[in-house]
Amino acid sequence: MIRRAGLVLALLIGLTGVTACGSVDAGSEAGDQFEEWMAGTEHVEGFDMRSNNDLPWVGTLWAGVVVDPDATIEQMVEVARRATSFESRAAATFSIGYTRGDFTTRFPVFPDAAAANRAMITLAHDVDRSTAATELYVGEASRADDADVMVTTPDVLADFDGLRTRLSAKGLRAGDVLAVRDVDGAFSITVDRSTGAAAARAAYEAVLAAYPVTEAHLTDTGLDLRVDVAETPAVLALAQQAAPGISVSVQFGVVTKTGTGDYTAADALVAELSAAGPVLGAVLSPELATVTVADRATVWTMFTAVGDGPLYDGVFLRIETADEQFSISSSAEPLTAYRPVLDALSAPAWAARLTAVDLDSNALDVRTQDLTDAQLGDLAAALASTPAGTVIEVRPGSGIGFRFVATAGLTAAALDPFGDPSASEADTLAAFVSGWNAA
C-alpha cells in the first residue's frame with residue numbers, strides 16, 4: 001500500500017521579552033523571521049503558521065514545518081535541530097507532528113537537547129511502524145516541565161505494555177501520566193506509567209474471564225466496567241476479591257445508574273419500556289429515567305405502553321431518539337394532548353427541515369434549518385395544534401428566533417423575538433403569525 005505522509009514541525013514561541021526595537025506586531029514578525037530561518041532546510045516542503053499579537057511588542061507564534069513524507073529519523077532530527085536553534089529574545093517551546101497513513105503524532109522537542117529529541121522522534125517512528133496505534137500525542141512541554149503521553153489504539157492493554165517499555169528509553173523527556181484508549185472511548189487506561197495499574201488490571205482480567213465486558217476504564221486507584229449481562233452483585237464481588245484496595249463501579253447492559261438510592265421503580269419502568277421496543281441506552285437515577293431509542297415511532301410506542309405520566313411510581317421519564325433530534329419528557333402533561341402537534345412535526349415534509357424538537361415541562365422547543373417565509377408559515381400551521389398555554393420557542397436556522405405562548409388567536413405583539421428584528425425579519429415574523437392563524 002502506498003502511504004502518504006506529512007511531517008509537521010509545530011513551534012509555540014512565546015514572545016515575552018520583545019522590546020520596541022522590533023515590530024509592534026511581535027507574533028507576526030516572529031513568524032516571518034522563522035520562515036526565513038528555515039528557508040533552504042532540506043526536507044522542508046512548506047509551513048503552517050499561526051500567530052497572535054497579544055500586546056504591543058508581545059506575541060505568540062505557532063509555526064508548522066511540513067517535511068518531505070519520506071524523511072528518515074536522521075532527517076527529522078536535523079529538521080528539529082535547525083528549528084530549535086532559532087534564536088530570539090523570546091521564550092520558545094517546540095513540537096513535531098506528522099501524519100503517515102492513518103497514524104498521527106505530535107510531540108515536543110527542545111533546544112540544546114539533541115539526545116532527548118532523537119529519543120522522542122525514534123519513539124514516534126517506532127509507535128507508528130511497530131504498533132496498531134493511530135495516534136501518539138505528547139502534551140506541550142516547556143524546558144522545565146515534561147508533558148503527558150496519550151495514545152489511541154485498537155489494542156489498548158498490549159500497546160500500553162509496549163509503550164511503558166518504550167517510554168523508559170534513555171534520555172526521553174515525557175511526562176509520568178500515560179493514557180491509552182481505543183477510538184470509540186470504550187476502553188482506556190490512564191495511569192502513572194511507573195505503576196502500570198496492576199490492581200485495576202487484576203480486577204479487570206478476573207471479570208473478563210467470567211463475563212462479557214463491553215467497556216472498561218482503568219486508573220491507578222479505580223476500575224469502571226460495563227458488562228453485557230443482567231444486573232448481578234456477583235460481578236462487583238469478583239472484581240473486589242481480585243483487587244480489594246481499589247474503587248470499582250459496574251454498569252450492566254445499556255443501563256447507566258447515577259447516584260445512590262432505591263432503583264426499584266426505575267428498573268421496573270425500563271423493563272416495561274424494553275418490552276415495548278428496543279432500548280438503545282438508559283441513564284437512571286431513583287427519580288428520573290432518560291431512555292434512548294432509534295426513532296420517533298418508538299418514542300410514541302413506549303409512551304403508549306406506559307401511559308401519560310407525569311410520574312411512573314415516582315419516576316419521571318424522558319425518551320429521546322439516538323440522533324438527538326426528538327425528545328419528550330413525561331413532565332409535559334398530559335402527553336396525549338401534544339400528540340397532534342408532534343405528529344404534524346413528524347410528517348415527511350419536515351424530516352429534512354427540523355434539527356431538534358424537545359417537549360419538556362409544557363414547553364416546546366423547535367429548531368430548524370433555514371426556512372423561507374412560506375416554509376415558516378407552514379411550520380406555524382403545524383404548531384397551531386399545540387395546547388393553549390404551552391411556551392413555544394422557535395429557532396429557524398440562522399433566522400431570527402422567538403418565543404410565545406400558544407393561544408387561539410396569535411398576534412405579532414405576542415411574539416418575543418431574540419433581538420431587535422430588522423424590516424425583513426419583521427416580515428418573517430408576520431408570516432409565522434399569518435400561518436398560525438390560518439391553520
Side-chain angles (χ1 to χ4, degrees), residues 288-293 295-304 306-312 316-371 373-419 421 425 428-439:
L288 173 65
T290 301
V291 173
T292 302
V293 300
D295 50 43
R296 300 179 187 188
T298 306
V299 174
W300 281 121
T301 297
M302 289 186 171
F303 270 118
T304 298
V306 299
D308 264 353
L311 288 170
Y312 305 89
F316 281 104
L317 172 61
R318 181 179 181 83
I319 306 179
E320 56 192 22
T321 55
D323 60 10
E324 300 181 346
Q325 292 188 356
F326 194 77
S327 57
I328 300 177
S329 172
S330 64
S331 60
E333 55 174 323
L335 283 177
T336 49
Y338 290 91
R339 184 66 185 261
V341 63
L342 294 173
D343 281 347
L345 294 174
S346 298
W350 292 107
R353 296 175 185 169
L354 290 174
T355 58
V357 176
D358 180 77
L359 177 62
D360 187 7
S361 300
N362 299 320
L364 180 61
D365 185 359
V366 178
R367 301 177 184 234
T368 74
Q369 295 181 346
D370 287 341
L371 300 177
D373 286 357
Q375 290 169 339
L376 192 62
D378 292 339
L379 176 62
L383 291 172
S385 57
T386 304
T390 302
V391 177
I392 301 177
E393 185 171 298
V394 178
R395 294 182 182 269
S398 59
I400 189 168
F402 54 93
R403 69 168 59 89
F404 64 100
V405 177
T407 183
L410 189 63
T411 65
L415 301 185
D416 180 16
F418 305 142
E425 288 171 337
T428 296
L429 298 177
F432 183 89
V433 171
S434 178
W436 177 282
N437 291 328

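All values below come from the heavy atoms of this structure, side chains included, with hydrogens, waters and symmetry mates left out. Index from 1, following the sequence.
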Which atom pair, heavy atoms only, marks the closest approach of [X] to [Y]?
X      : Y      : result
Tyr312 : Val306 : CE2-O, 3.3 Å
Gly401 : Pro396 : CA-CD, 4.0 Å
Pro417 : Ile400 : CB-CD1, 3.8 Å
Gly435 : Ala380 : C-CB, 3.9 Å
Ala337 : Pro387 : O-CG, 3.4 Å
Ala344 : Ala382 : CB-O, 3.8 Å

First locate atom [atom1] of [X], then atom [atom2] of [Y], and finally report the distance between them rounded to the nearest 0.5 Å.
X      : Y      : atom1 : atom2 : result
Arg403 : Ile392 : CZ    : CD1   : 12.0 Å
Leu371 : Thr428 : CG    : OG1   : 9.5 Å
Ser329 : Leu335 : OG    : CG    : 8.0 Å
Ser385 : Leu345 : OG    : CG    : 7.5 Å
Trp436 : Leu379 : CH2   : CG    : 10.0 Å
Gln375 : Trp350 : CD    : CH2   : 6.5 Å

Criterion side-chain contact (heavy atoms from CB on, under 4.5 Å) on Thr411 and Asn437, from CA distance to verdict: CA-CA 9 Å; Thr411 65; Asn437 291 328; over 6 Å; no
[X] side-chain N/O to [Y] backbone N/O, donor-acceptor pair under 3.5 Å:
X      : Y      : result
Ser327 : Glu320 : no
Thr355 : Arg367 : yes
Ser330 : Leu317 : yes
Asp308 : Thr336 : yes

Trace of the side chain to side chain donor-acceptor pair (under 3.5 Å) decision for Asp343 with Ser346: CA-CA 5 Å; Asp343 281 347; Ser346 298; 5.1 Å; no
Ion pair Arg318/Asp358, N-O distance below 4.0 Å: yes
side-chain contact (heavy atoms from CB on, under 4.5 Å) between Leu311 and Phe316, worked out: CA-CA 5 Å; Leu311 288 170; Phe316 281 104; 3.4 Å; yes
Output field: ring centroids Phe303/Tyr338 closer than 6.0 Å: no
Residues that Asp323 engages under side chain to side chain donor-acceptor pair (under 3.5 Å), provided they are two or more places apart: Thr321
Option among Leu415, Val433, Val391, Asp416 that satisfies the side-chain contact (heavy atoms from CB on, under 4.5 Å) test with Phe404: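 The side-chain contact (heavy atoms from CB on, under 4.5 Å) with Phe404 is passed solely by Leu415 among Leu415, Val433, Val391, Asp416.
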Ile328 and Ile319, any side-chain heavy atoms less than 4.5 Å apart: no
Side chain to side chain, Thr301 and Thr304, heavy atoms closer than 4.5 Å: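 Of all side-chain heavy-atom pairs linking Thr304 with Thr301, none is under 4.5 Å.
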Test log, rule side-chain contact (heavy atoms from CB on, under 4.5 Å), inputs Val299 and Leu342: CA-CA 11 Å; Val299 174; Leu342 294 173; over 6 Å; no
side-chain contact (heavy atoms from CB on, under 4.5 Å) between Val341 and Thr390, worked out: CA-CA 12 Å; Val341 63; Thr390 302; over 6 Å; no
